[in-house]
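A short worksheet on the structure shown next.
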Amino acid sequence: MNFNAIYQLAKRIPRGRVITYGQIAKSVRLPGGARAAGRAMANCPVGQAIPWHRVVGAGGRLLLSEPNVSLQRKLLEAEGVPVAERRILDFAVRQWRPVRRRA
DNA sequence: CATCTGACGACCG
DNA sequence: GCGGTCGCCAGAT
């Protein structure tokens, strides 16, 4: 699969903002939906400066497992994103929406 | 070929 | 809020 489009989009996520797997899938019209986006991130290549920690589940939930979820939380808080146990508090405001031309 | 397993998400009780 | 179902899909066993 060519997940490149996803990684490119991920790179555009502004610091201090987040996006969901579902949104990504929708934005790049990824066949397979959110789950495919999840696979892409799980396969996320290191060394390409991809802010993987800014990708969360629907509703602003952190879906990773330990110990990665702890790291994600740490990274998010480091850029000013408040996180409760496994959930972004003001998700509605923190959510980033990529610019897409014409619905 | 049958199952299981995920960095998913919408729905329902 | 929580747990279960279902649609979705690629790989691994």
Side-chain angles (χ1 to χ4, degrees):
Chain A
M1 291 325 232
N2 176 29
F3 295 133
N4 203 36
I6 295 180
Y7 302 138
Q8 289 304 315
L9 177 61
K11 287 183 184 176
R12 296 175 45 199
I13 306 175
R15 191 171 175 286
R17 310 294 294 286
V18 297
I19 194 175
T20 68
Y21 298 98
Q23 274 183 6
I24 291 178
K26 191 177 173 187
S27 297
V28 304
R29 290 166 184 67
L30 182 67
R35 206 142 198 171
R39 282 199 306 278
M41 295 316 289
N43 200 336
C44 180
V46 293
Q48 287 186 38
I50 299 175
W52 57 271
H53 60 279
R54 295 179 193 152
V55 184
V56 301
R61 288 201 201 41
L62 306 190
L63 305 177
L64 286 66
S65 52
E66 294 293 349
N68 286 330
V69 63
S70 292
L71 175 58
Q72 180 174 31
R73 174 179 178 175
K74 184 176 179 179
L75 291 171
L76 287 174
E77 294 182 323
E79 19 183 275
V81 179
V83 177
E85 285 304 300
R86 283 169 177 251
R87 180 174 174 180
I88 293 176
L89 299 183
D90 54 353
F91 173 66
V93 192
R94 292 287 165 174
Q95 187 175 39
W96 176 68
R97 314 214 166 182
V99 192
R100 45 164 150 153
R101 8 236 129 168
R102 302 188 313 168

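Quick note on labels: first sequence line is chain A, next is B, and so on, each numbered from 1.
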| task | For Arg86(A) and Leu63(A), indicate whether the former's side chain and the latter's backbone hold a donor-acceptor pair under 3.5 Å. | result |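 A pair under 3.5 Å: no.
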| query | If only side-chain N and O atoms of Arg39(A) are considered, is one of them under 4.0 Å from the OP1 or OP2 phosphate oxygen of dT5(B)? | reply |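 No.
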| field | Distance-only donor-acceptor test (3.5 Å): side chain Arg35(A), base dG9(B) | value |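 For Arg35(A), whose side chain was compared with the base of dG9(B), there is no donor-acceptor pair (under 3.5 Å).
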| request: Look up atom CZ in Arg73(A) and atom CG in Leu75(A), then write down how far apart they are to the nearest 0.5 Å. | output: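 Rounded to the nearest 0.5 Å, the CZ-CG separation comes to 12.5 Å.
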Nearest whole angstrom, please: distance from the [atom2] of [N] to the [atom1] of [X].
{"X": "Arg86(A)", "N": "dC8(B)", "atom1": "CZ", "atom2": "C1'", "value": "15 Å"}
{"X": "Tyr21(A)", "N": "dA10(B)", "atom1": "OH", "atom2": "P", "value": "14 Å"}
{"X": "Ile19(A)", "N": "dA7(B)", "atom1": "CD1", "atom2": "C1'", "value": "14 Å"}
{"X": "Ile6(A)", "N": "dC8(B)", "atom1": "CD1", "atom2": "P", "value": "13 Å"}
{"X": "Asn2(A)", "N": "dA10(C)", "atom1": "CG", "atom2": "P", "value": "14 Å"}
{"X": "Leu30(A)", "N": "dA10(C)", "atom1": "CG", "atom2": "P", "value": "10 Å"}
{"X": "Leu71(A)", "N": "dA7(B)", "atom1": "CG", "atom2": "P", "value": "15 Å"}
{"X": "Leu64(A)", "N": "dT5(B)", "atom1": "CG", "atom2": "P", "value": "19 Å"}

| field | Sugar-phosphate, base or nothing in reach of Ala58(A), heavy atoms under 4.0 Å | value |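 Counting heavy atoms under 4.0 Å across all strands, the contact made by Ala58(A) is with sugar-phosphate only.
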| said: What's Gly22(A) touching, base or sugar-phosphate or nothing? Going by heavy atoms closer than 4.0 Å. | reply: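 Touches sugar-phosphate only.
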| query | Looking at Val56(A), Ile19(A), Val81(A), Leu89(A), which hits side chain to side chain contact (heavy atoms under 4.5 Å, CB included) with Arg94(A)? | reply |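 Answer after filtering Val56(A), Ile19(A), Val81(A), Leu89(A): Val81(A).
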| request: Please say whether more than 12 non-hydrogen atoms of neighbouring residues, nucleotides or ligands are located less than 6.0 Å from NZ in Lys74(A). | output: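 No, the 6.0 Å shell around NZ holds no more than 12 heavy atoms from other groups.
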| query | If the P atom of dA7(B) is compared with that of dC6(C), how far apart are they to the nearest Å? | reply |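 Rounded to whole Å, the distance is 23 Å.
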